[in-house]
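A quick write-up on the structure given underneath.
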Amino acid sequence: MNVPEESRALQLLNRVFGHSVFRGAQSDIVQHVASGGDALVLMPTGGGKSLCYQLPALLRAGTALVVSPLIALMQDQVAALKQLGVRAAFLNSTLDGREVNACEKALRAGELDLLYVAPERLMMPRMLECLSESEIALFAIDEAHCVSQWGHDFRPEYLQLSVLHERFPSVPRIALTATADPQTRDEIIRRLALDNARIFISSFDRPNIRYTIVDKQDARAQLLRFIREDHDGEAGIVYCLSRRKVDETAVWLKSHGVRALPYHAGMDSSLRAEHQNRFQREEGIVVVATIAFGMGIDKPDVRFVAHLDLPKSIEGYYQETGRAGRDGAPADAWMAYGLGDVVQQRRMIDESEGSEDYRRVSVAKLDALLGLCESAGCRRVRLLAYFGEAGEPCGNCDNCLEPPQVWDATEAARKALSCIYRTGQRFGAMHLIDVLRGRETERIVQRDHHRLGVFGIGADLDDAAWRNVFRQLAALGYVCPDHEAWGALKLTEASRAMLKGEQSVEMRHVIPRKGRAAKARRSAASGATVADSALLERLKAWRMTQSREQGVPAYVIFHDRTLVEIAAAQPADLDALAALGGIGAKKLERYGAALLELVRG
């Protein structure tokens with residue numbers, strides 16, 4: 001892109017999107033794609049990925065085709081673009097035949113800047129024929145990690161997208177994702193035939209997110225305490241592994257005063273859609289969901305993401321936690337983690353129908369996540385290292401704020417392993433702890449376990465400490481679940497050296513986390529004055545009215561950060577208002593007078 005075109009890109013950035021400067025690598029990516037080059041973009045959630053194809057779409061002749069995996073994502077992005085005066089549309093199953101025909105006619109006539117489609121529809125013969133009769137500016141493949149069988153959200157239909165390069169070799173393609181380790185990146189390049197594409201890798205760091213992992217004891221009570229103390233009345237997502245747990249957790253939270261709604265694939269589709277819409281359009285909703293929820297959610301003011309069950313990989317964890325704090329304000333990633341999670345995930349891998357390679361890679365990914373959970377060092381450094389990025393201790397994760405103590409757990413580990421062996425490798429942690437602590441329960445007496453040499457040898461540690469020992473032994477690979485006996489632990493080959501006294505092990509002490517309340521962090525970060533807050537509330541109330549009248553999420557009208565800027569700057573005229581971030585020409589024309597009236601009021 002030459003200098004005049006670069007200037008034009010900046011002009012469009014300001015006039016349409018209301019931003020005066022590019023962020024990070026956005027400028028280079030926009031220039032490369034607008035000039036006709038292919039690109040693979042790895043950029044964290046909230047880093048401005050969408051702009052990397054939306055702006056080239058406006059700079060190039062024709063219509064940009066955006067491959068998007070979820071209906072909600074398409075609808076939100078199209079609504080936001082229309083607010084900016086961009087000619088955008090989507091093609092998905094929510095449209096009837098008349099609407100589909102009208103959209104295809106507009107595409108052929110060159111009346112669209114961007115068209116969002118699902119990969120299944122894009123590959124239909126009718127759609128490909130329509131594309132052949134239209135001028136295509138570029139192909140943007142969003143959530144490109146879906147193409148990788150090693151990724152956390154593999155979608156077989158994405159494998160067909162290599163056809164785009166074969167049928168439209170002169171049309172540039174840009175693939176985008178927020179999460180991809182080196183193996184996944186290589187597969188994206190291979191499967192989408194992006195061999196000559198430039199690769200843009202932004203920092204994976206999300207400094208506004210605080211990572212906290214707590215020892216799972218009473219997980220629901222721990223979650224409720226976390227929400228009440230740090231995020232009362234704020235939007236959040238709680239992830240659970242099963243549909244049953246989603247339903248039970250949502251009901252329990254609701255009974256304790258949290259505006260919680262369930263979301264999973266087993267629900268009635270209309271109720272599921274209603275819950276998603278409420279989350280996007282109302283303030284302070286907490287959605288309890290399986291991981292089916294979230295990929296298509298652009299909501300910027302999600303203040304926390306909590307996990308009640310262990311994800312399958314660091315990619316999954318990063319993708320899910322990345323849905324918090326997209327607006328750049330402080331947010332929390334909180335997880336309760338225990339022995340049962342380790343056992344459950346290892347069992348799921350061993351019982352999966354995948355190939356030996358699939359199971360091997362899955363175990364490696366789970367081990368990397370367990371390493372993050374058990375780390376005594378900075379969570380952020382460990383997380384970034386997984387994606388090949390160096391980092392310094394952040395001072396903002398649980399381990400940095402309250403460094404855990406490490407102790408020589410060799411003797412305790414040998415006692416635990418001996419107890420597993422002496423009881424026949426057929427019992428779970430609760431029974432083993434009773435044996436170690438010398439409790440003559442009915443179950444122990446019936447099995448004569450009170451007569452074993454290991455009975456009572458662990459009385460010096462309490463139940464919580466022993467749970468911690470067994471969990472870390474499982475995480476470190478010294479024990480594993482027995483598939484013949486549900487919940488039972490058995491020894492692995494790695495335990496042999498430990499039992500023989502040839503190996504030592506250090507473990508983390510688990511202590512209660514205190515930390516600094518998230519609301520206090522945000523208040524300090526925003527620097528808002530008491531005088532500003534009254535205006536900010538008026539602006540938010542006005543935005544909510546607009547949202548309801550237009551039937552779009554509130555953040556499609558304006559993001560919180562734009563309202564905060566207005567409340568802080570209190571512009572006196574349209575020129576001063578236009579100088580603030582996120583107010584382009586179309587929004588200035590549409591909302592400027594009303595905003596100035598609110599400021600004066």
Problem set entry | Tyr591 and Gln83 side chains, donor-acceptor separation under 3.5 Å | yes
Problem set entry | Side-chain touch Ile29/Met43, heavy atoms, less than 4.5 angstrom | yes
For this session: Report yes if some heavy atom in the side chain of Ser203 is under 4.5 Å from a heavy atom in the side chain of Glu389; otherwise report no.
Result: yes
For this session: Hey, can you tell me if Tyr317 and Tyr211 have their rings parallel, tilted or perpendicular (30° and 60° cut-offs)?
Result: tilted
Problem set entry | Side-chain heavy-atom pair Thr562, Asp560 within 4.5 angstrom cut-off | no
Problem set entry | Any donor-acceptor N/O pair, Arg259 side chain to Glu283 backbone, under 3.5 Å | yes
Exercise. Donor-acceptor pair, Asp309 side chain versus Leu241 backbone, under 3.5 Å?
Worked result: yes
For this session: Kindly indicate whether the side chain of Gln280, heavy atoms from C-beta on, has any atom under 4.5 Å from the side chain of Val556.
Result: no
Problem set entry | Donor-acceptor contact below 3.5 Å, side chain Glu320 vs main chain Ile291 | no
Problem set entry | Partner set under side-chain hydrogen bond (donor to acceptor under 3.5 Å, both in side chains) for His264, not counting sequence neighbours | Asp247
Problem set entry | Non-hydrogen side-chain atoms of Pro571 and Ile566 separated by less than 4.5 Å | yes
Problem set entry | Validation row, ring centre Tyr318 to ring centre Phe387 under 6.0 Å | yes
Exercise. Is the shortest distance from a Lys or Arg side-chain nitrogen in Glu111 or Lys105 to a carboxylate oxygen in the other one below 4.0 Å?
Worked result: no
Exercise. Do the non-hydrogen side-chain atoms of Ile141 and Leu192 ever get within less than 4.5 Å of each other?
Worked result: yes
Exercise. Does any non-hydrogen side-chain atom of Gln54 lie less than 4.5 Å from one of Val86?
Worked result: no
Problem set entry | Flag side-chain contact, heavy atom, 4.5 Å: Phe168 against Leu131 | yes
